[in-house]
Amino acid sequence: MTRVAAIDCGTNSIRLLVADVDPAAGTLVDLERSNEVVRLGQGVDRTGLLAPEALERTLSATRRYHEVCQRLGVEAVRFVATSATRDARNREDFVAGVRDALGVEPEVVAGDEEARLSFRGATGVLASRYDGPFLVVDLGGGSTELVLGTDAPEAAVSMDVGSVRLTERHLHDDPPTPAQVAAADADVRAALDAAAAVVPLGRTVTLVGLAGSVTTLTAHALGLDHYDRTRIDGAVLGVDDVLASCEDMLARTREQRAALPYLHPGRVDVIGAGALVWREVVRRVRGEVAAAGGELTHVVTSEHDILDGIAWSIAER
């Protein structure tokens with residue numbers, strides 16, 4: 001058994017998992033899960049640069065995570081950075097800052113590796129409960145990964161569409177205008193057209209959604225009175241219920257979204273775009289499955305994602 005720390009630094013948030021992992025027994029026991037919305041990807045889609053204030057927010061969180069790792073006696077740390085850092089021309093400033101704050105070299109991983117880690121994290125829990133092939137969808141702030149497989153990834157792709165990127169690019173009004181929604185829809189559909197040439201979406205038996213936008217939309221569909229991780233993890237929703245949750249969230253004003261008791265304040269301004277992406281993915285997968293002669297009736301939400309995959313990857317090295 002190894003005590004590990006996995007850190008996932010995305011476009012909208014940075015997260016920490018400290019866990020005891022035993023690959024031989026197939027167990028992963030949480031000691032600490034933390035999430036901070038730092039919006040590292042603020043403006044990156046437009047400028048191609050990490051903003052100084054966004055970088056400082058992220059490094060401050062990293063220093064706090066370092067203190068947690070020391071307190072809990074962590075033996076090994078892996079820090080993975082994804083979309084915003086991949087896109088930024090000044091990523092070396094970020095790498096140097098993390099190295100100073102944490103004492104380890106951060107890894108700026110490609111979209112394929114991000115997809116593989118997300119698949120490992122999700123299916124490590126769900127594979128014994130549902131039939132494959134699984135289509136695991138990790139909907140982030142800057143990118144969305146699709147990976148298909150049963151026991152291991154068979155096809156994967158990373159799309160440059162996410163909640164922060166589309167909000168900054170298109171959804172400027174409150175609520176967004178029909179023209180803004182149509183422009184964002186067009187981006188997502190074009191990305192899905194390209195993704196479908198790589199990943200055979202019609203083979204999907206179980207569609208699994210990951211990350212903050214999907215888990216929040218699941219809480220919305222369930223009508224929770226607070227963010228209850230135990231009810232969201234493993235929730236099975238009908239496809240029409242998922243689509244209705246997305247439509248309702250997208251149509252709400254900022255004030256209405258902010259009043260929702262399960263919505264993290266750091267997601268209030270970007271959850272509409274997250275709903276738009278998730279809606280288009282679910283619609284497209286349902287259509288591809290039907291065209292292949294099957295039927296997609298439900299969607300599974302998992303709280304186990306790339307963070308769990310990073311933790312497993314440390315222990316399995």
Student: Is any side-chain heavy atom of Ser213 closer than 4.5 Å to a side-chain heavy atom of Trp278?
Tutor: no
Student: Is Leu139 close to Val281 at the side-chain level, that is, under 4.5 Å between some pair of heavy atoms?
Tutor: no
Student: Taking 4.0 angstrom as the limit, do Glu316 and Arg120 come out as a salt bridge?
Tutor: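 A salt bridge links Glu316 with Arg120.
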Student: Backbone N or O of Gln180 within a donor-acceptor pair of the Thr177 side chain at under 3.5 Å?
Tutor: yes
Student: Do Arg231 side-chain atoms and Leu224 backbone N/O form a donor-acceptor pair below 3.5 Å?
Tutor: no
Student: Tell me which one of Leu250, Leu263, Thr216 satisfies side chain to side chain contact (heavy atoms under 4.5 Å, CB included) with Arg257.
Tutor: Leu263
Student: Is Asp248 paired with Arg252 through a side-chain N to carboxylate O contact shorter than 4.0 Å?
Tutor: yes
Student: Any side-chain heavy atom of Arg39 within less than 4.5 Å of one from Val270?
Tutor: yes
Student: Looking at side-chain heavy atoms only, is the closest gap between Ile14 and Phe79 below 4.5 Å?
Tutor: yes
Student: Between Gly73 and Arg3, which heavy-atom pair has the shortest distance, and what is it?
Tutor: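 Where Gly73 meets Arg3 most closely, the heavy atoms are O-CD, 3.8 Å.
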Student: Quick one: sort the Phe134 and Phe119 rings into parallel, tilted or perpendicular, breaks at 30° and 60°.
Tutor: perpendicular
Student: I'd like to know if the side chain of Asp173 and the backbone of Pro175 have a donor-acceptor N/O pair within less than 3.5 Å.
Tutor: no
Student: Working to the nearest 0.5 angstrom, can you tell me the gap between Glu168 CD and Ser163 OG?
Tutor: 9.5 Å
Student: Got a donor-acceptor contact below 3.5 angstrom from the Ser118 side chain to the Glu114 backbone?
Tutor: yes
Student: Is a salt bridge present between Arg283 and Glu247, judged by a nitrogen-to-oxygen distance below 4.0 Å?
Tutor: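 A salt bridge is present here (some side-chain N lies under 4.0 Å from a carboxylate O).
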Student: Does any part of the side chain of Val137, heavy atoms only, come nearer than 4.5 Å to the side chain of Val208, both counted from C-beta?
Tutor: no
Student: How close do Thr85 and Val108 get, counting heavy atoms only, and between which atoms?
Tutor: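 The answer is CG2-CG2, 3.7 Å.
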Student: Got a donor-acceptor contact below 3.5 angstrom from the Asp174 side chain to the Arg254 backbone?
Tutor: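 Checked: pair present.
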Student: Taking the side chain from Asp30 and the backbone from Glu32, do they hold a donor-acceptor pair closer than 3.5 Å?
Tutor: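 Not confirmed, Asp30 side chain does not pair with Glu32 backbone.
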Student: One thing to verify: whether Glu288 and Arg284 come together as a salt bridge, which I'm taking to mean a side-chain N less than 4.0 angstrom from a carboxylate O.
Tutor: yes
Student: Looking at side-chain heavy atoms only, is the closest gap between Val18 and Val4 below 4.5 Å?
Tutor: no
Student: Do the charged groups of Glu303 and Arg33 touch, with an N to O distance under 4.0 Å?
Tutor: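 Salt bridge between Glu303 and Arg33, a charged N being under 4.0 Å from a carboxylate O: no.
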Student: Taking C-beta and beyond as the side chain, do Arg78 and Ser313 meet within less than 4.5 Å on heavy atoms?
Tutor: yes
Student: Is Arg63 salt-bridged to Glu56, going by a charged N under 4.0 Å from an acidic O?
Tutor: yes
Student: Within a strict 4.5 Å, meaning less than it, do heavy atoms of the Ile7 and Val80 side chains meet?
Tutor: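 A side-chain contact is absent here, since even the closest heavy-atom pair is not under 4.5 Å.
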